[in-house]
Peer 1: 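The structure under discussion is supplied below as structure tokens; questions concerning it will follow.
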Amino acid sequence: MYEGEWVWDDSYPLYDSSACPHIRSEFNCLKFGRPDHLYLKYRWQPTLCNLPRFDGKDFLTKLKGKKIMFVGDSVSLNQCQSLICLLHSSVPETPILNPGYLNGSYYTFPEYNVSVIVFHSTHLVDIEVEKIGRVLKLDSLKSGSIWKDMDILVFNTWLWWYRRGPKQPWDYVQIGDKIMKDMDRMEAFKIGLTTWANWVDAEVDTNKTKVLFQGISPSHYE
């Protein structure tokens with residue numbers, strides 16, 4: 001299903017973002033006047049199979065009692081917002097509760113006992129505030145104790161690894177006992193992802209929890 005192309009589909013889009021009450025204002029392109037709409041008409045068509053059209057009610061029914069968590073940066077938040085709007089357009093009369101959650105967002109569909117959660121983590125591995133400043137710890141992943149209790153985990157990280165200056169969220173980088181002011185960012189990314197992958201192998205029961213990793217996305221800021 002990952003090999004294919006984007007094709008024009010006149011029946012798209014599957015939801016109207018300007019009519020979705022749960023979308024955050026910074027993602028509401030149509031409401032705030034984005035002039036081009038052609039991008040909304042494209043559907044992913046795999047080369048060797050056909051994907052069924054998204055059915056929100058069927059989705060919620062099949063995932064009854066499950067918790068879905070997106071872990072990552074704003075790309076993960078974008079994906080969660082799209083899913084919530086897709087579900088809302090399919091079952092508009094179904095209440096969606098949003099009680100908030102730690103450092104992210106938490107949506108629940110009480111009628112189906114389905115939860116969709118965002119856990120904000122720019123690097124997946126830990127960034128801790130210490131006396132010297134904010135330290136990016138490439139071999140530490142403490143948030144996993146929360147993540148591993150989910151039924152579906154969707155991870156994303158990339159855009160923040162090359163941030164410098166005021167937008168860089170850390171001051172030092174640490175591997176083991178070694179603390180550095182900086183290092184090769186691609187090497188840091190590799191070490192951080194290895195820490196994450198090792199955590200998945202050691203801590204996640206894949207008989208219970210499905211783990212997905214999103215591909216790298218281009219920057220979505222101007």
Side-chain angles (χ1 to χ4, degrees), residues 1-6 24 26-27 29 39 42 44 46-47 68-83 101-105 116-150 152-206 209-222:
M1 70 176 69
Y2 301 107
E3 294 183 8
E5 61 181 341
W6 292 100
R24 284 171 47 159
E26 63 265 39
F27 302 139
C29 303
Y39 70 98
Y42 283 88
W44 179 250
T47 303
I68 306 163
M69 179 178 273
F70 292 85
V71 184
D73 54 32
S74 55
V75 173
S76 293
L77 179 57
N78 276 216
Q79 292 290 313
C80 176
Q81 294 261 289
S82 291
L83 177 57
Y101 177 76
L102 296 179
N103 60 348
S105 300
V116 182
I117 307 160
V118 180
F119 189 101
H120 183 70
S121 177
T122 56
H123 291 71
L124 300 184
V125 292
D126 297 331
I127 298 177
E128 297 185 357
V129 178
E130 300 184 350
K131 289 183 178 180
I132 59 172
R134 301 164 300 173
V135 182
L136 171 62
K137 302 194 172 187
L138 296 180
D139 53 4
S140 176
L141 199 157
K142 295 178 180 177
S143 299
S145 58
I146 299 171
W147 304 345
K148 67 181 182 181
D149 291 329
M150 301 295 134
I152 299 174
L153 287 168
V154 185
F155 291 96
N156 152 259
T157 184
W158 171 249
L159 294 177
W160 287 84
W161 287 87
Y162 276 87
R163 293 286 171 90
R164 300 179 187 274
K167 291 186 177 181
Q168 181 177 299
W170 49 269
D171 305 303
Y172 295 89
V173 59
Q174 181 175 352
I175 308 171
D177 295 329
K178 186 178 181 180
I179 298 177
M180 299 162 283
K181 189 62 179 174
D182 206 346
M183 65 178 292
D184 179 271
R185 298 301 180 85
M186 184 58 75
E187 182 64 22
F189 179 68
K190 178 181 177 181
I191 295 170
L193 271 193
T194 300
T195 297
W196 166 80
N198 289 339
W199 171 82
V200 171
D201 289 342
E203 299 293 335
V204 178
D205 180 1
T206 53
T209 303
K210 187 174 184 63
V211 178
L212 303 168
F213 189 88
Q214 290 180 248
I216 291 171
S217 169
S219 177
H220 56 131
Y221 296 101
E222 293 183 358

Peer 1: Is the closest side-chain heavy-atom distance between Arg185 and Arg164 below 4.5 Å?
Peer 2: yes
Peer 1: Less than 4.5 Å apart, any side-chain heavy atom of Phe155 and any of Leu153?
Peer 2: yes
Peer 1: Can you tell me how far NZ of Lys167 sits from OG1 of Thr122, rounded to the nearest 0.5 angstrom?
Peer 2: 13.5 Å
Peer 1: Which value, rounded to the nearest 0.5 Å, describes the distance between Asp73 atom CG and Asn78 atom CG?
Peer 2: 9.0 Å
Peer 1: Please tell me if the side chains of Val125 and Thr157 come closer than 4.5 Å, counting only heavy atoms from C-beta onward.
Peer 2: no
Peer 1: Atom CD of Gln174 and atom CD1 of Ile179: how far apart are they, to the nearest 0.5 Å?
Peer 2: 4.0 Å
Peer 1: Can you see which heavy atom on Tyr39 is nearest to which on Cys29, and at what distance?
Peer 2: OH-CB, 4.1 Å
Peer 1: With a 4.5 Å heavy-atom cut-off, do Met183 and Ile191 have their side chains touching?
Peer 2: yes
Peer 1: Checking the side chain of Thr195 only, and the main-chain atoms of Leu138 only, is there a donor and an acceptor separated by less than 3.5 Å?
Peer 2: yes
Peer 1: How far apart are the C-alpha atoms of Phe213 and Val200, what are their side-chain angles, what is the distance that settles it, and do they pass the side-chain contact (heavy atoms from CB on, under 4.5 Å) test?
Peer 2: CA-CA 11 Å; Phe213 189 88; Val200 171; over 6 Å; no
Peer 1: When rounded to the nearest 0.5 angstrom, what is the spacing between SG in Cys80 and CZ in Phe27?
Peer 2: 10.0 Å
Peer 1: With side-chain contact (heavy atoms from CB on, under 4.5 Å) as the test, would you mind laying out the steps for Trp196 and Ser121 before giving the verdict?
Peer 2: CA-CA 12 Å; Trp196 166 80; Ser121 177; over 6 Å; no
Peer 1: Is Arg163 reaching over with its side chain to a backbone N or O of Trp170, donor-acceptor style, under 3.5 angstrom?
Peer 2: no
Peer 1: Step by step, work out the side-chain contact (heavy atoms from CB on, under 4.5 Å) result for Met186 and Tyr162.
Peer 2: CA-CA 8 Å; Met186 184 58 75; Tyr162 276 87; 3.4 Å; yes
Peer 1: Write down the atom of Gln81, the atom of Arg24, and the distance for their closest heavy-atom approach.
Peer 2: OE1-N, 2.6 Å
Peer 1: For the backbone of Glu3 and the side chain of Thr47, can you confirm whether one donor and one acceptor N or O come within less than 3.5 Å of each other?
Peer 2: yes
Peer 1: Which heavy atom in Lys148 sits nearest to a heavy atom in Trp199, and how many Å separate them?
Peer 2: CB-CZ2, 3.9 Å
Peer 1: Determine yes or no for a side-chain-to-main-chain donor-acceptor pair under 3.5 angstrom, with Asp139 supplying the side chain and Ile175 the backbone.
Peer 2: no
Peer 1: Taking the side chain as every heavy atom from C-beta outward, state whether Trp6 and Trp44 have any atom pair closer than 4.5 Å.
Peer 2: yes
Peer 1: Would you compute the distance between atom OG of Ser105 and atom NE2 of His120 and round it to the nearest 0.5 angstrom?
Peer 2: 10.5 Å
Peer 1: Give the minimum heavy-atom separation between Met150 and Thr209, together with the two atoms involved.
Peer 2: O-OG1, 2.6 Å
Peer 1: Mind listing the closest non-hydrogen atom pair of Leu141 and Leu124 along with its distance?
Peer 2: CG-O, 3.9 Å
Peer 1: Go through the side-chain N and O atoms of Ser143 and Trp147 and say whether any donor and acceptor fall under 3.5 Å apart.
Peer 2: no
Peer 1: Which heavy atom in Ile132 sits nearest to a heavy atom in Tyr172, and how many Å separate them?
Peer 2: O-CE1, 3.3 Å
Peer 1: Does any part of the side chain of Gln79, heavy atoms only, come nearer than 4.5 Å to the side chain of Leu83, both counted from C-beta?
Peer 2: no
Peer 1: So, Asn156 side chain and Gly72 main chain: donor-acceptor pair closer than 3.5 Å or not?
Peer 2: no
Peer 1: Does Glu130 reach the side chain of Lys137, with side-chain heavy atoms less than 4.5 Å apart?
Peer 2: yes
Peer 1: Could you go through Val75 and Phe70, starting from their C-alpha distance and side-chain angles, then the distance that decides it, and tell me whether this counts as side-chain contact (heavy atoms from CB on, under 4.5 Å)?
Peer 2: CA-CA 9 Å; Val75 173; Phe70 292 85; over 6 Å; no
